[in-house]
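To start, the structure under review is shown below, and the notes come after it.
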Amino acid sequence: MGNWWRRRGRGGMSAGDMASAMRDRAGSFVAAQAAAGRSFTWEPAEVSRLDGVIEAFVRAEPDSAAEHDMVMSMGSYLGELLVAQAGGRWSYDQESSAATVLLPNGLVAYPHNKVAKRLHHGGDHSLFSYFWYATTRQLLPGSASRDCA
């Protein structure tokens with residue numbers, strides 16, 4: 001799938017097409033995890049497992065293409081959980097060239113960017129804390145505000 005927005009041109013994909021592409025990419029994440037023996041559902045509790053998947057992925061020392069694929073697929077999965085569980089909707093931020101999830105509580109989530117931060121900067125960027133804040137607008141006890149950015 002790669003950089004779908006570059007293939008179509010910035011703003012060239014309808015909101016419905018983008019939402020469909022993100023659902024497909026999220027499904028690819030679920031299928032890849034199932035092939036690796038890890039079953040993921042669409043329940044919000046699954047977010048608590050994503051940080052562990054990232055840790056195992058990093059230990060395997062993936063190349064940049066595999067990292068990009070993980071960011072795109074896991075980011076889409078995280079975004080789809082925000083859509084399903086928090087009533088969000090996919091959008092596109094042309095200024096940052098990124099897919100976003102607009103949440104009814106006024107927040108704008110950048111799930112792919114967050115997965116990339118988690119991948120490259122470690123546990124200081126917890127995906128679980130990010131999801132929690134995006135859905136509740138409250139920090140988890142002991143978490144830092146950077147977890148939510």
Side-chain angles (χ1 to χ4, degrees), residues 1-33 40-58 60-140 143-149:
M1 171 131 180
N3 294 325
W4 51 268
W5 59 86
R6 289 194 182 117
R7 286 197 318 242
R8 292 286 306 254
R10 290 189 175 142
M13 183 177 276
S14 74
D17 288 346
M18 185 173 52
S20 179
M22 294 297 103
R23 274 191 302 276
D24 289 348
R25 196 69 166 137
S28 296
F29 172 78
V30 171
Q33 294 306 304
F40 275 82
T41 68
W42 300 99
E43 296 300 316
E46 299 289 12
V47 175
S48 67
R49 299 174 52 210
L50 294 178
D51 289 304
V53 171
I54 287 275
E55 290 299 323
F57 181 74
V58 169
E61 299 180 5
D63 62 20
S64 62
E67 286 182 3
H68 176 76
D69 187 57
M70 179 60 83
V71 167
M72 292 303 295
S73 63
M74 185 183 279
S76 296
Y77 178 74
L78 179 58
E80 276 297 297
L81 287 175
L82 289 169
V83 168
Q85 303 300 325
R89 64 180 173 83
W90 284 104
S91 186
Y92 182 75
D93 179 353
Q94 289 193 23
E95 187 175 316
S96 63
S97 299
T100 64
V101 176
L102 305 177
L103 297 164
N105 63 15
L107 295 176
V108 179
Y110 292 78
H112 300 95
N113 294 5
K114 187 60 180 183
V115 170
K117 286 179 183 179
R118 178 64 177 89
L119 182 65
H120 296 287
H121 302 292
D124 285 346
H125 291 277
S126 165
L127 299 177
F128 180 74
S129 294
Y130 178 78
F131 183 82
W132 179 266
Y133 185 80
T135 57
T136 67
R137 291 195 87 154
Q138 296 178 8
L139 293 175
L140 284 171
S143 67
S145 61
R146 75 177 160 272
D147 290 343
C148 305

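Heavy atoms only: backbone and side chains are in, while hydrogens, waters and symmetry mates are out. Residue numbers run from 1 in the order of the sequence given.
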ask   = Considering residues, nucleotides and ligands other than Arg137, do more than 12 of their heavy atoms fall under 6.0 Å from its CZ?
value =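 Atom CZ in Arg137 is crowded, with more than 12 foreign heavy atoms closer than 6.0 Å.
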Measure the spacing between [atom1] of [X] and [atom2] of [Y] and express it to the nearest 0.5 Å.
X      : Y      : atom1 : atom2 : value
Ser76  : Arg23  : OG    : CZ    : 11.0 Å
Arg89  : Met18  : CZ    : CE    : 9.0 Å
Leu127 : Arg49  : CG    : CZ    : 13.5 Å
Asn113 : Leu78  : CG    : CG    : 11.0 Å
Asp51  : His125 : CG    : NE2   : 11.5 Å
His112 : Ser73  : NE2   : OG    : 8.5 Å

Any non-hydrogen side-chain atom of [X] less than 4.5 Å from a side-chain atom of [Y]?
X      : Y      : answer
Phe29  : Met70  : yes
Trp90  : Glu80  : yes
Leu50  : Phe128 : no
Trp42  : Val30  : yes
Tyr130 : Val47  : no
Tyr77  : Glu46  : yes
Val71  : Lys117 : no

Can you see which heavy atom on [X] is nearest to which on [Y], and at what distance?
X      : Y      : value
Thr100 : Tyr92  : OG1-N, 4.0 Å
Leu103 : Gly88  : CD2-CA, 3.9 Å
Ser129 : Leu140 : OG-CD1, 3.5 Å
Asp93  : Ser96  : OD2-OG, 3.0 Å
Ala98  : Tyr110 : CB-CD2, 3.9 Å

request  = Take Glu55 and Arg118, measure what side-chain contact (heavy atoms from CB on, under 4.5 Å) needs, and give me the verdict at the end.
outcome  = CA-CA 9 Å; Glu55 290 299 323; Arg118 178 64 177 89; 2.7 Å; yes
request  = Have a look at Pro111 and tell me which of Leu81, Val101, Val83 forms a side-chain contact (heavy atoms from CB on, under 4.5 Å) with it.
outcome  =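 Per the side-chain contact (heavy atoms from CB on, under 4.5 Å) rule, the option paired with Pro111 is Val101, out of Leu81, Val101, Val83.
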query = Would you find a donor on one side and an acceptor on the other, under 3.5 Å apart, between the side chain of Asn105 and the backbone of Ala134?
reply =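 Present.
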request  = Output yes when a side-chain donor or acceptor of Ser20 lies under 3.5 Å from a complementary backbone atom of Gly16, and no otherwise.
outcome  =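 No, the answer is negative, given that no donor and acceptor are paired below the 3.5 Å cut-off.
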request  = Show your reasoning for whether side-chain contact (heavy atoms from CB on, under 4.5 Å) applies to His68 and Asp63.
outcome  = CA-CA 9 Å; His68 176 76; Asp63 62 20; over 6 Å; no
